[in-house]
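Below is one structure, written out as structure tokens, with a few remarks after it.
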Amino acid sequence: MSTTTTSAEKTVVVLHGRKVVGGVAEGEALVTRDRISGWGGIDPRTGTIIETRHELRGQSFANKVLVFPGAKGSSGWSSQFHIARLAGSAPAAMIFNEMTTKIALGAVVVHAPALTDFDVDPLDVIETGDWVKVDAERGIVEITKAGKKT
């Protein structure tokens, strides 16, 4: 069950999910409702989305918490994300809704904490620019809302 805590300075939302790859990482969120194609959809040297019709075209996921519905395209998806890791341009963590074999392998080769199967759809809660801490060991995502003060 998700929880929300509000203080004079910030609003923090907590989501619970299932670990895909363990670890703890945090960073600025980069969110898309579009699936991401690895082969031909990203530039693994920079972590930039290059797919022509993608809503994040021109933006980099390097060192960010990538929040997306899932993968699309061929089995080359994982190889492109592996190259991104080797180039130092992989996401700090990955949060996604649909588990497939290609995204499971991609998450493993990235070596970044990854979660799926959430109690609340993360795409309905997390916005680009929010600060997100992913504790995959505990299955917890803490979202500090950007610019939200009460």
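As the structure is a prediction and not an experimental result, all values here were calculated from the model.
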Verdict with reasoning, Leu30 to Val65, per side chain to side chain contact (heavy atoms under 4.5 Å, CB included) = CA-CA 6 Å; Leu30 181 63; Val65 176; over 6 Å; no
Can you tell me how far [atom2] of [Y] sits from [atom1] of [X], rounded to the nearest 0.5 angstrom?
{"X": "Thr32", "Y": "Leu66", "atom1": "OG1", "atom2": "CG", "value": "8.5 Å"}
{"X": "Leu115", "Y": "Met99", "atom1": "CG", "atom2": "CE", "value": "10.0 Å"}
{"X": "Ser60", "Y": "Ile42", "atom1": "OG", "atom2": "CD1", "value": "9.5 Å"}
{"X": "His54", "Y": "Arg35", "atom1": "NE2", "atom2": "CZ", "value": "10.5 Å"}
{"X": "Ile95", "Y": "Ile126", "atom1": "CD1", "atom2": "CD1", "value": "4.0 Å"}

Tell me whether [X] shares a hydrophobic cluster with [Y], the cluster being built from Ile, Leu, Val, Met, Phe, Trp, Tyr side chains joined at under 4.5 Å.
{"X": "Val134", "Y": "Val120", "value": "yes"}
{"X": "Val67", "Y": "Phe118", "value": "yes"}
{"X": "Ile103", "Y": "Val108", "value": "yes"}
{"X": "Val141", "Y": "Met94", "value": "no"}

Among Glu55, Lys72, Arg53, find the one that has a side-chain contact (heavy atoms from CB on, under 4.5 Å) with Asp34.
-> Glu55
How would you list, by chain and number, every residue that makes a salt bridge (Lys or Arg N to Asp or Glu O under 4.0 Å) with [X], sequence neighbours excluded?
{"X": "Glu28", "answer": "none"}
{"X": "Arg45", "answer": "Asp43"}
{"X": "Asp117", "answer": "Arg18"}
{"X": "Glu137", "answer": "Lys19"}

Return the minimal non-hydrogen interatomic distance between [X] and [Y], and the atom names on each side.
{"X": "Pro91", "Y": "Ala112", "value": "O-CB, 3.5 Å"}
{"X": "Pro44", "Y": "Ala87", "value": "O-CB, 3.7 Å"}
{"X": "Val20", "Y": "Ala107", "value": "CG1-CB, 4.1 Å"}
{"X": "Ala25", "Y": "Ala92", "value": "CB-O, 3.4 Å"}

Just to verify, what does [X] make a side chain to side chain donor-acceptor pair (under 3.5 Å) with, not counting sequence neighbours?
{"X": "Arg85", "value": "none"}
{"X": "Gln80", "value": "none"}
{"X": "Lys64", "value": "none"}
{"X": "Asn97", "value": "Asp121"}

Which pairs pass ring-ring contact (aromatic ring centres under 6.0 Å, His included) with one or both residues in residues 69-110, sequence neighbours excluded?
-> Phe61-Phe81, Phe68-Phe96, Trp77-Phe81
Counting only N and O atoms by type, is there a donor-acceptor contact under 3.5 Å from the side chain of [X] to the main-chain atoms of [Y]?
{"X": "Arg33", "Y": "Leu123", "result": "yes"}
{"X": "Thr128", "Y": "Val31", "result": "yes"}
{"X": "Asp130", "Y": "Ala29", "result": "no"}
{"X": "Ser37", "Y": "Trp39", "result": "yes"}

Which residue pairs pass the side chain to side chain donor-acceptor pair (under 3.5 Å) test when at least one of the two sits in residues 101-114, sequence neighbours left out?
-> none
Ile143/Leu15 under side chain to side chain contact (heavy atoms under 4.5 Å, CB included): CA gap, chis, key distance, verdict | CA-CA 8 Å; Ile143 304 111; Leu15 304 181; 3.8 Å; yes
Derivation of the side chain to side chain contact (heavy atoms under 4.5 Å, CB included) call for His16 and Ile140 = CA-CA 5 Å; His16 298 87; Ile140 294 174; 3.9 Å; yes
Sorted by chain and number, sequence neighbours left out, side-chain contact (heavy atoms from CB on, under 4.5 Å) with Val24 holds for Lys133, Asp135
What residues form a side-chain contact (heavy atoms from CB on, under 4.5 Å) with Leu105, not counting sequence neighbours?
-> Ser78, Val109
Under the side chain to side chain contact (heavy atoms under 4.5 Å, CB included) rule, what do Lys10 and Lys145 come out as? Steps first, then yes or no, please.
-> CA-CA 7 Å; Lys10 61 185 175 178; Lys145 300 302 289 177; over 6 Å; no
Are Glu51 and Arg57 ion-paired here, with the side-chain N under 4.0 Å from a carboxylate O?
-> no
